[in-house]
K.L.:
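Sharing a structure with you now.
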Amino acid sequence: MPSPIPGAAVDSHAHVFHQGLALANTRRHTPDYDATLAEYLGLLDAHGMSHGVLVQPSFLGTDNSHLVEALRAAPARLRGVAVVAQDAAESELQVLADAGVVGIRLNLFGLDTPDLRTPAWQALLARVNALGWHVEVHLQAARLDGVLPALLAAGCRIVVDHFGRPDPALGVLDAGFQYLLRQADSGRVWVKLAAPYRNWAAPACAASGRLATQQLLDAYTPERLMWGSDWPHTEHRHLASYPAATQWLDAWIDDPAQRRTVLADTPLRLFQFQGDAP
C-alpha cells in the first residue's frame with residue numbers, strides 16, 4: 001500500500017451544484033443559491049485541505065452529470081460518491097468510475113427502506129464491490145439495523161454519514177447509535193464525523209459531537225473515522241460555516257496523531273487518492 005501523501009488533508013463530504021440543474025421529482029430541499037466547484041476549491045485552499053470528496057446531492061437524484069463534470073475538472077484532487085438507480089447499466093457505472101467515483105450513496109431520509117436482498121439489489125452491490133467502491137448510507141440511526149446487515153452480508157464496505165444520525169433527543173443513548181458502535185467489530189464500516197447540526201441543535205452541537213466522537217473513537221479507532229465539512233451545509237447554512245466545521249474537529253479530537261489519521265490516512269485509503277483500491 002502506498003505511503004500517505006505528505007501534508008495531505010481530506011474533506012470527506014461536500015456538495016457542488018448550481019441553480020438551473022435538473023432536479024429530482026421527489027426531493028426534500030430545493031436550494032436557491034449556487035455552490036460552485038471554484039468556490040469549494042477555494043475553501044479547500046484556504047483551510048489547508050489537499051483533497052475533497054464530492055457527494056451527489058439528494059435533490060439531483062440519479063443524474064450525476066454535474067458531479068462527473070466537477071470530478072473531471074480536478075481529477076487528482078477530488079473523488080466522488082454517486083447516486084445510481086438500482087438497475088444502473090455496467091457502462092454507466094464504468095463512466096462514473098473513470099471520472100473518479102469511488103462509491104454509491106443510499107440516502108434513505110424520507111424513503112422506505114429497500115429490501116437489499118432482492119436479486120436486483122444484489123446484482124448492483126456485486127458490481128459496486130467489483131469496482132472497489134463503498135456504499136455510503138444516510139438514514140436515521142434507528143433504521144441502521146434494517147440496512148447494514150444486508151450490506152455486510154453482500155460483502156460491501158460501508159460508510160455511515162453524519163455520526164449515524166442519532167435521535168436529537170437521545171444523542172449517544174439512541175439505541176441505533178449504540179448499534180452503530182457495535183458494528184465496528186465487522187471491520188467493514190467507517191463513520192463520517194460531519195454535520196453535527198443535523199443531529200443536535202445549536203449551541204449543543206459541538207459538545208454533543210465531541211461526546212459522540214469519543215465513543216466512536218473508542219469503538220472504531222481513528223483508522224475508520226473521517227471528517228467532512230458538509231459544505232455548503234444545505235438547509236443549515238445559518239448554523240454552520242467551513243471555519244466552524246474545521247474548529248469542531250479540533251474540539252472533538254485533541255490528539256494530533258489521531259486528527260492526522262482521521263483527516264488524512266484513513267480517507268486517502270478509503271477514497272483511493274493513492275491510486276490503489278483498498
Side-chain angles (χ1 to χ4, degrees), residues 1-16 37 40-41 43-45 47-57 64 66-84 93-107 125 127-138 151 155-164 187-195 216 220-231 242 245-246 249 253 258-278:
M1 181 178 294
S3 300
I5 300 169
V10 181
D11 175 0
S12 73
H13 196 102
H15 311 283
V16 295
L37 176 62
Y40 178 60
L41 293 176
L43 286 168
L44 292 182
D45 291 339
H47 293 87
M49 297 290 156
S50 58
H51 300 78
V53 179
L54 300 178
V55 179
Q56 172 77 343
N64 296 284
H66 188 65
L67 173 66
V68 166
E69 181 181 348
L71 296 176
R72 288 173 173 166
R77 196 169 191 188
L78 300 175
R79 295 291 183 268
V81 178
V83 175
V84 302
L93 299 180
Q94 191 59 55
V95 167
L96 295 173
D98 292 343
V101 167
V102 292
I104 65 168
R105 192 186 200 202
L106 297 181
N107 188 340
L125 295 176
R127 292 197 294 271
V128 165
N129 292 342
L131 287 165
W133 291 1
H134 65 271
V135 178
E136 182 173 307
V137 176
H138 184 215
L151 292 175
C156 298
R157 288 175 298 123
I158 304 165
V159 173
V160 177
D161 270 349
H162 307 326
F163 293 90
R188 287 192 282 120
V189 179
W190 287 254
V191 182
K192 288 185 180 181
L193 308 177
L216 288 164
Y220 282 88
T221 79
E223 281 71 25
R224 281 187 283 126
L225 299 179
M226 298 165 292
W227 170 84
S229 68
D230 194 41
W231 187 81
Y242 209 102
T246 62
L249 178 64
I253 303 179
Q258 289 186 332
R259 278 204 306 274
R260 163 73 190 181
T261 300
V262 169
L263 267 177
D265 301 348
T266 299
L268 286 172
R269 286 192 296 267
L270 182 67
F271 297 110
Q272 304 178 34
F273 284 108
Q274 296 159 288
D276 290 351

K.L.:
Find the distance between CZ (Arg127) and CH2 (Trp133) and round it off to the nearest 0.5 Å.
P.N.:
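Separation between the atoms: 10.0 Å.
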K.L.:
Would you name the heavy atoms of Gly7 and Arg260 that are closest together and state the gap between them?
P.N.:
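That closest heavy-atom pairing would be N-NH1, 3.9 Å.
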K.L.:
Hey, what's the ring geometry for Tyr40 with Trp231, parallel, tilted or perpendicular (30° and 60° as the breaks)?
P.N.:
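Correct class here is parallel.
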K.L.:
For Arg224 and Val191: C-alpha separation, side-chain torsions, deciding distance, then whether side-chain contact (heavy atoms from CB on, under 4.5 Å) applies.
P.N.:
CA-CA 7 Å; Arg224 281 187 283 126; Val191 182; over 6 Å; no
K.L.:
Start with the C-alpha distance between Leu151 and Val137, add both sets of side-chain angles, then the distance that settles side-chain contact (heavy atoms from CB on, under 4.5 Å), and finish with yes or no.
P.N.:
CA-CA 10 Å; Leu151 292 175; Val137 176; 3.7 Å; yes
K.L.:
Looking at residues at least two apart in the chain, or sitting in another chain, which of them share a ring-ring contact (aromatic ring centres under 6.0 Å, His included) with His13?
P.N.:
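With neighbours one apart ignored, the set is His15, His162.
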K.L.:
Between Val128 and Val135, is there a side-chain heavy-atom distance shorter than 4.5 Å?
P.N.:
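Val135 reaches Val128 side chain to side chain.
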K.L.:
How long is the gap from CH2 on Trp190 to CZ on Arg188, to the nearest 0.5 Å?
P.N.:
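These two atoms lie 8.5 Å from each other.
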K.L.:
Say whether, by atom type as modelled, one donor and one acceptor occur between the side chain of Arg77 and the main chain of Ser50 under 3.5 angstrom.
P.N.:
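Checked: pair present.
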K.L.:
Which residues pass the salt bridge (charged side-chain N to carboxylate O under 4.0 Å, His left out) test with Asp11, not counting sequence neighbours?
P.N.:
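By the salt bridge (charged side-chain N to carboxylate O under 4.0 Å, His left out) rule, Asp11 matches no residue at all.
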K.L.:
How many angstroms lie between atom CG of Asp265 and atom CD of Glu223, to the nearest 0.5 angstrom?
P.N.:
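If we round to the nearest 0.5 Å, Asp265:CG and Glu223:CD are 8.0 Å apart.
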K.L.:
Contact between Ser229 and Thr246 at the side-chain level, heavy atoms closer than 4.5 Å - yes or no?
P.N.:
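A side-chain contact under 4.5 Å is absent here.
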K.L.:
As an exercise, state the distance from CG of Leu78 to CZ of Phe273, rounded to the nearest 0.5 Å.
P.N.:
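Result: 7.0 Å between the selected atoms.
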K.L.:
To the nearest 0.5 Å, what is the distance between CG (Leu71) and NE2 (His66)?
P.N.:
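Here the rounded value is 10.0 Å.
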K.L.:
Indicate the atoms forming the closest heavy-atom contact of Pro222 with Gln258, along with that distance.
P.N.:
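Minimum heavy-atom contact is CG-CG, 3.7 Å.
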K.L.:
Out of curiosity, Leu225 CG to Leu263 CG, how far, rounded to the nearest 0.5 Å?
P.N.:
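It is 11.5 Å, given to the nearest 0.5 Å.
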K.L.:
Taking Arg157 for the side chain and Gly132 for the main chain, is one N or O donor matched with an acceptor at less than 3.5 Å?
P.N.:
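Yes, the answer is positive, given that a donor and an acceptor are paired below the 3.5 Å cut-off.
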K.L.:
Do you know which two heavy atoms are closest between Ala99 and Val68, and how far apart they sit?
P.N.:
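Nearest heavy atoms, Ala99 then Val68: CB-CG1, 3.8 Å.
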K.L.:
Can you tell if the side chain of Val159 reaches within under 4.5 Å of the side chain of Arg105, non-hydrogen atoms only?
P.N.:
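No, side chains not in contact.
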K.L.:
At their closest point, which heavy atom of Ala70 faces which heavy atom of Leu37, and how far apart are they?
P.N.:
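Looks like O-CD2, 3.7 Å.
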K.L.:
Would you mind reporting whether Val55 and Lys192 have side-chain heavy atoms less than 4.5 Å apart?
P.N.:
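A side-chain contact exists here, since the closest heavy-atom pair is under 4.5 Å.
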K.L.:
Please find the pair of heavy atoms, one from Leu96 and one from Val84, that lie closest to each other, and give the distance.
P.N.:
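Closest approach of Leu96 to Val84, heavy atoms only: CD1-CG1, 3.7 Å.
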K.L.:
Could you go step by step and tell me if Gln56 and Ile104 meet the side-chain contact (heavy atoms from CB on, under 4.5 Å) rule?
P.N.:
CA-CA 9 Å; Gln56 172 77 343; Ile104 65 168; over 6 Å; no
K.L.:
Tyr242 vs Leu44, test: side-chain contact (heavy atoms from CB on, under 4.5 Å). Steps then yes/no.
P.N.:
CA-CA 9 Å; Tyr242 209 102; Leu44 292 182; 3.4 Å; yes
K.L.:
Pick from Leu193, Leu270, Thr261: which one makes a side chain to side chain contact (heavy atoms under 4.5 Å, CB included) with Met226?
P.N.:
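Testing Met226 for a side chain to side chain contact (heavy atoms under 4.5 Å, CB included) against Leu193, Leu270, Thr261 leaves exactly one candidate, Leu270.
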